[in-house]
Amino acid sequence: MILVVGGAGYIGSHVVKELIRRGNEVVVLDNLTTGHKQAIDKEAIFIKGNLGNKQDVSLIFEKYPVKAVMHFAANSLVSESVVNPLKYYLNNVVATFTLLETMLEYGIKKFIFSSTAATYGIPEQIPITEMTPTKPINPYGQSKLMVEQIVKDCAIAYSLEYTILRYFNAAGADETGTIGENHNPETHLIPIVLQHLQGQRKRISIFGTDYSTYDGTCIRDYIHVTDLAKAHILALDAMLISKGNIHRTYNLGNGQGYSVRDIIRKCEEITGRKANIHYAERRTGDPAILIASSANIERELGWQPSYRLEDIIKTAWNWHKNHPHGYEKGSVRGSYTYES
Ligand code: UFG
């Protein structure tokens, strides 16, 4: 049995789907503040509760033979973290403390943790490797880095095994079109562009056109959520057979950068619709370029991304077309119309 904390969220729900697809038994713990119950695979056991509540977590360990824990639950809005850092330190750091403490009490010592490119801040080198210095520039990135440190200290003191995965820009949706990206509010570029092209937003704002990049807009490394999910499965398999010696941190990206203008152009091409673009000021805290080197996970776990930008946007569009209001009532669910 695998415990997936935050399994109702965007990335967590895709990992749950992959785990179920290959026959794992899964229990999901989620408080549904940002996640969606409809996103959780029907074959997973769902417990509504908080990872920061010792009783909620203990009950799961009492009842189910959990072998490993995957932890996706977090607040992840950079701008919100700047104005409300205590929320981020409480929900991302303090709550994880309780989860870890309870795991250790029950002798559960295999932990996979969702971290982020935001731990690097404004990187000194591109592509970013795991050796690139971590210097977060906002409380969100800081909160993730703090948890990384706690996890590493627990490894030394209590023989916790861990795999930390630092995601770059997760995007796209499961090929079945049944689950996808549905944040409220939505701040990410690809869903915002697709919502606009669907008529749900009047225009798209490009935040900054004066960066030192080939077209003046920020460059990011977009990675398909199913490729992320598959990396978790590889990490899990390595941990399930290990004899207590897995302590790993990996970047996860495609290794290719696309500018904001590239993304808008590709979305226009795939949807056959024209965007109304508004040029806006830079958004605070956006590094000009974030591109990952995922060479370590490729070499050590044999991970390879299988979706390129075209398919990332196609699967996202498939989800948005069929769920114009996300998981809300009235959405069309269960479509299987993705074509590569
Ligand atoms: N952007 C726009 N207009 C929009 C939305 C985004 O121009 O309406 C731009 C942003 O300024 C940025 C790029 O599109 O240059 C990508 O923005 P996203 O918000 O989609 O993603 P970020 O790169 O800001 O965020 C990602 C993760 C965060 C993580 C961060 C690290 O989603 O969790 O990388 O910097 F913290």
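In listed order, ligands and their atoms are each counted from 1. Sequence positions, counted from 1, serve as the residue numbers for this chain.
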Kindly tell me which protein residues have any non-hydrogen atom under 4.0 angstrom away from an atom of ligand 1, grouped by chain and ordered by number?
Val78, Thr116, Ala118, Tyr140, Asn169, Thr187, His188, Leu189, Ile192, Ser205, Ile206, Phe207, Cys218, Arg220, Tyr222, Val260, Arg283, Asp286, Leu290
For Tyr167 together with His232, are the ring centres under 6.0 Å from each other?
yes
Phe207 side chain near Arg282 side chain, heavy-atom distance below 4.5 Å
no
Asp227/Arg308 ion pair, N-O < 4.0 Å:
no
Donor-acceptor contacts under 3.5 Å from residues 60-72 side chains, at least two apart:
from  : atom 1 : to     : atom 2 : distance (Å)
Glu62 : OE2    : Tyr106 : OH     : 2.6
His71 : ND1    : Ala73  : N      : 3.4
His71 : NE2    : Thr96  : OG1    : 2.9

From Leu51 CG over to Thr98 OG1, what is the distance, rounded to the nearest 0.5 angstrom?
7.5 Å
Which pair of non-hydrogen atoms, one from Thr129 and one from Tyr120, has the smallest distance, and what is that distance?
O-OH, 3.4 Å
